[in-house]
Amino acid sequence: ITLFRRIYFEPAVIPSSMQGMSRMYSVGILPMTIPQKASSAKRKYLFLSLAIIVCGLALSVAGWQFTRQEARTADAERFARITDRLMGSMKDRLLVIESVLRGVKVLFDANTVLERKEWESYADGVLPQVEQYVAGLTYIERVPRERLPAFLAEVKAEYGPDFTLPPIGDRPEHFIIRYSKSFKYPPGIGLDVAADQTRYEALEEAMLTNTPVLSRHTFLLLENTKLPACLLYMSVYSKGVAPATPDERRERLQGWVSARIRLNDLVSDWDDLSQKQLDYEIYDGRDKTTPETLVLNTTKQLVAPAMVPSIQPYVQDGRFVGFRHIDVYSHGNQGWTVCFVATPAFSAASSHAFADSILMSGLIVSVLAGGLVWTLGTAKIRAQELAEAIMEQFHQTEAEARKLAHIASRTNNAVMVVDVASQVDWVNQSFTRITGYTPAEAHGREAGKYIIGPKTDLAAAEEIRKSLQLGNP
């Protein structure tokens with residue numbers, strides 16, 4: 001009883017290292033347990049992981065928006081460059097046609113009377129330059145009604161006595177085709193073009209302004225097929241100083257030279273120049289984009305009629321759309337309007353995919369970084385939990401061992417501690433008193449020597465030996 005009273009009931013003396021903890025208990029603050037520490041650390045790492053993911057997502061979205069805006073700006077500039085290239089190609093071709101007509105006009109100025117052979121010789125020489133998109137060259141003569149008999153006689157002298165004029169009506173003056181050079185198309189000699197309102201308006205404009213004028217769209221008939229076309233007219237005046245006023249121009253007008261332009265062929269190089277990145281719709285008139293004014297289109301469904309024309313390109317239904325005007329040879333509200341529409345090939349050549357890749361990469365990196373921080377943090381917590389659990393178990397085992405050693409050192413019975421090889425590792429004082437062997441003498445010897453004597457129960461000794469071999473209590 002005295003033994004146990006000394007161990008369990010003597011007043012405990014608090015070590016100085018634990019006095020602070022004693023004060024903690026006294027004011028109600030308890031130290032954190034291992035699960036509490038782990039839970040707190042996990043919350044910290046969870047917050048850190050989420051913060052990394054949120055910041056990464058925010059940066060990724062910001063980078064994506066910036067890159068996408070830059071890509072859209074670059075696409076708008078590329079769209080404008082392509083449309084400039086296409087419009088420049090058309091204007092260059094029209095300028096070539098104009099130069100050919102000016103050459104014909106110079107031919108008339110250089111000759112008092114231009115004969116048919118001279119006309120055809122010149123036309124044969126210049127048509128190969130423009131035959132890719134010009135159907136033919138024509139000279140239209142202005143013929144007052146009272147001069148019709150003399151004009152018919154001149155034409156019969158050039159084309160033969162069987163030549164006759166088609167019905168031309170009773171207008172005060174006629175605009176009759178006298179010379180024509182065409183590829184595959186009917187020449188139309190003797191045709192009064194003033195009967196066609198579209199042509200008449202363009203001829204009047206060219207006469208009064210003394211500038212080249214492009215007509216509204218018309219059609220060319222080839223093997224019963226109507227092909228969209230237009231005509232470029234240039235006035236020819238009688239010799240002398242160029243007339244300065246509209247009245248002088250009307251009085252001195254001799255006729256017109258014209259070129260019949262095939263619209264399909266005029267823009268035949270647009271697909272190559274744009275690498276099929278743009279479709280187009282061409283309308284007759286400035287900003288008159290209706291199905292009735294449509295001249296030519298490559299779009300599967302008309303786009304311009306549902307939109308307000310704007311030179312600045314903008315995005316409509318996920319694709320760039322822009323409008324341009326062809327008014328180099330037009331006056332007033334005449335001219336053409338072209339609506340350019342980006343194709344999937346244009347979108348494929350843009351850098352939007354790079355912006356999307358930045359967003360996806362940022363999302364993936366953010367999630368991976370957050371997951372890595374969480375994984376490493378929780379792994380560290382688990383390692384700390386394991387280490388603290390081992391240390392706690394070690395301290396408990398050590399305390400228990402000290403307790404047992406204290407008990408063993410105070411008992412009157414002989415106590416031995418042996419290792420796995422059944423050799424003595426430690427003995428108490430009672431062992432020395434009973435056997436006469438000191439701890440130094442007993443250490444390292446086989447324990448069986450000390451438990452067998454003359455009066456030992458051999459069966460019990462055998463059982464102890466087997467238990468020692470098997471490591472059983």
Side-chain angles (χ1 to χ4, degrees), residues 91-144 147 150-160 163 165 173-194 199 202-215 220 229-244 248-262 266 328-329:
K91 290 180 180 179
D92 288 344
R93 291 186 170 187
L94 290 174
L95 288 174
V96 172
I97 298 171
E98 179 191 349
S99 67
V100 169
L101 294 183
R102 289 194 180 278
V104 178
K105 188 175 179 179
V106 170
L107 187 65
F108 275 94
D109 292 339
N111 293 273
T112 305
V113 177
L114 184 64
E115 297 182 354
R116 178 186 174 188
K117 290 182 178 178
E118 293 175 313
W119 162 266
E120 292 183 348
S121 176
Y122 178 82
D124 288 338
V126 297
L127 272 178
Q129 302 177 30
V130 293
E131 62 180 338
Q132 181 182 352
Y133 37 85
V134 171
L137 300 178
T138 302
Y139 169 62
I140 302 169
E141 188 166 325
R142 180 188 185 188
V143 183
R147 191 177 172 275
F151 175 78
L152 180 59
E154 293 172 0
V155 173
K156 283 187 176 183
E158 292 176 329
Y159 293 97
F163 180 84
L165 289 175
E173 61 180 4
H174 306 279
F175 305 154
I176 302 175
I177 297 177
R178 181 161 184 172
Y179 302 135
S180 180
K181 190 69 175 179
S182 302
F183 296 102
K184 302 180 183 179
Y185 299 90
I189 304 299
L191 180 67
D192 186 0
V193 297
R199 299 187 183 189
L203 290 169
E204 281 281 310
E205 190 74 26
M207 174 184 64
L208 297 176
T209 60
N210 192 22
T211 58
V213 172
L214 202 61
S215 75
L220 295 176
C230 65
L231 298 106
L232 182 62
Y233 292 112
M234 187 176 293
S235 300
V236 177
Y237 301 98
S238 58
K239 290 185 178 182
V241 180
E248 291 179 0
R249 292 166 187 156
R250 185 182 294 276
E251 182 181 353
R252 292 179 53 188
L253 179 72
Q254 180 178 335
W256 299 266
V257 289
S258 69
R260 290 178 283 177
I261 303 170
R262 299 185 299 267
L266 188 66
V328 62
Y329 296 127

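Annotation for I97 and A259: closest pair CG2-CB, 3.5 Å, computed over non-hydrogen atoms. When all heavy atoms of L220 and A135 are compared, the closest pair comes out as CD1-CB, 3.7 Å. Contact detail for M234 and P212: the closest heavy-atom pair is CE-CG, 3.6 Å. Y122 and V100 get closest at one heavy-atom pair: OH-O, 3.2 Å. Minimum heavy-atom separation, A123 to P128: O-CD, 4.5 Å.
The backbone N or O of A244 sits less than 3.5 Å from a side-chain atom of R249, completing a donor-acceptor pair. Checking side-chain atoms of T209 against main-chain N and O of E205 turns up a donor-acceptor pair under 3.5 Å. For the pair E118 (side chain) and E115 (backbone), a donor-acceptor distance under 3.5 Å is present. Formation of a donor-acceptor pair under 3.5 Å by the R262 side chain with backbone atoms of Q132 is found in this model. Distance alone, capped at 3.5 Å, is enough to place a donor-acceptor pair between the S235 side chain and the M207 backbone.
In this structure, CG in L107 is found 15.0 Å from CZ in R102, a value given to the nearest 0.5 Å. One distance of note links OG of S238 with CG of D109; it measures 9.5 Å at 0.5 Å rounding. Atoms CG and CD1, on L191 and I176 in that order, are 9.0 Å from each other to the nearest 0.5 Å. To the nearest 0.5 Å, atom CZ of residue R252 and atom CG of residue N210 are 9.5 Å apart.
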Dump the intermediate steps for salt bridge (Lys or Arg N to Asp or Glu O under 4.0 Å) on E120 and K181, then the final yes or no. CA-CA 7 Å; E120 292 183 348; K181 190 69 175 179; 5.2 Å; no
Applying side-chain hydrogen bond (donor to acceptor under 3.5 Å, both in side chains), run through E248 and Y237 and close with a yes or a no. CA-CA 10 Å; E248 291 179 0; Y237 301 98; over 6 Å; no
Assess whether side-chain contact (heavy atoms from CB on, under 4.5 Å) is satisfied between T138 and V257, documenting all intermediate values. CA-CA 6 Å; T138 302; V257 289; over 6 Å; no
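Contact check for L94 versus L266: side-chain heavy atoms found under the 4.5 Å cut-off. Proximity of Y233 to R199: side-chain heavy atoms (C-beta onward) are separated by under 4.5 Å at one or more points. Considering only heavy atoms from C-beta on, L137 stays 4.5 Å or farther from S180 through its side chain. At a threshold of 4.5 Å between non-hydrogen side-chain atoms, the residues R116 and R178 do not count as touching. The closest side-chain heavy-atom distance from L232 to V213 is not below 4.5 Å. The shortest side-chain heavy-atom distance between I261 and L231 does not fall under the 4.5 Å cut-off.
Between the side chains of Y179 and E141, no donor-acceptor pair is found at a separation under 3.5 Å.
Tested against W256 for a ring pair (Phe, Tyr, Trp, His ring centres under 6.0 Å), the candidates F175, F108, Y139 yield a single pass: F175.
Counting heavy atoms of neighbouring residues, nucleotides and ligands inside a 6.0 Å radius, atom CD of Q254 exceeds 12 of them. E154 CD: more than 12 foreign heavy atoms inside a 6.0 Å radius.
Salt bridge R250/E204: present, at least one basic N to carboxylate O contact under 4.0 Å.
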